[in-house]
Amino acid sequence: MSRALLLRCPVCDATHAFRGDRDDHEKAELLDATADHLRNHSLGESARAIRKHEAVADAEERILADDEVTRLPTDGWAETAEAAVVD
C-alpha cells in the first residue's frame with residue numbers, strides 16, 4: 001500500500017496528486033502547484049489567493065494500492081474523471 005496526497009481545485013474540481021503524505025511535502029510546494037493551476041482560471045488576485053489556500057487546506061491523504069497510485073495525476077492537474085481517483 002502507498003500513500004498519496006490529493007489536491008482538488010475548488011474552481012474546476014481538477015485533481016493533482018503527490019506521492020507520500022502531507023509530511024513529505026512542504027506547504028510552499030503545494031501552494032505553488034495550486035497557484036500554477038489557478039492562473040488558468042479568470043480569478044482576481046485576492047480570489048486566487050483564497051482558493052489556493054483553500055485547496056491546500058482541504059488536501060486529502062489516501063492509502064491506496066500501488067497500482068492505484070500509478071494512475072493518479074502526479075505530473076500535473078487532471079479533470080477528476082481522468083484522474084481515476086479512488087473514492
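Just so it is clear, the values below take in all heavy atoms, side chains as well, and ignore hydrogens, waters and symmetry mates.
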Exercise for review: Quick one: list whatever passes ring-ring contact (aromatic ring centres under 6.0 Å, His included) with H41, sequence neighbours left out.
Suggested key: H37
**Study point:** Counterpart residues, salt bridge (charged side-chain N to carboxylate O under 4.0 Å, His left out), relative to R22 (two or more places apart)
**Key:** E61
Review point. Distance from R3 atom CZ to D23 atom CG, nearest 0.5 Å?
Key: 9.5 Å
Study note, to complete from the structure: By side-chain hydrogen bond (donor to acceptor under 3.5 Å, both in side chains), T70 pairs with (sequence neighbours left out) none
Table please: side-chain donor-acceptor pairs of residues 42-53 below 3.5 Å, with sequence neighbours left out.
{"unit_1": "R48", "atom_1": "NH1", "unit_2": "L43", "atom_2": "O", "d": "2.9"}
{"unit_1": "R51", "atom_1": "NH1", "unit_2": "E54", "atom_2": "OE1", "d": "3.3"}

Point to revise | For L7 against A55, the heavy-atom pair lying closest together | key: CD2-O, 3.7 Å
Study note, to complete from the structure: In short, ring pair (Phe, Tyr, Trp, His ring centres under 6.0 Å) pairs touching residues 3-23 with sequence neighbours left out are H16-F18, H16-W77, F18-H25
Review point. Which value, rounded to the nearest 0.5 Å, describes the distance between S2 atom OG and R62 atom CZ?
Key: 14.5 Å
Practice item. Would you indicate whether the side-chain heavy atoms of L5 and D24 approach each other to under 4.5 Å? Key: no
Review point. Distance from C12 atom SG to L38 atom CG, nearest 0.5 Å?
Key: 8.0 Å
Practice item. Measure the OG1-CD distance between T34 and E29 for me, rounded to the nearest 0.5 Å. Key: 10.0 Å
Exercise for review: Report yes if the side chains of R19 and T74 come closer than 4.5 Å at any heavy-atom pair, otherwise no.
Suggested key: yes
Practice item. Check side-chain hydrogen bond (donor to acceptor under 3.5 Å, both in side chains) between D36 and all other residues, then give those that pass, not counting sequence neighbours. Key: R39
Point to revise | Spacing of CE belonging to M1 relative to CG belonging to L64, to within rounding of 0.5 Å | key: 7.0 Å
**Study point:** Atom CG of D67: over 12 foreign heavy atoms under 6.0 Å
**Key:** yes
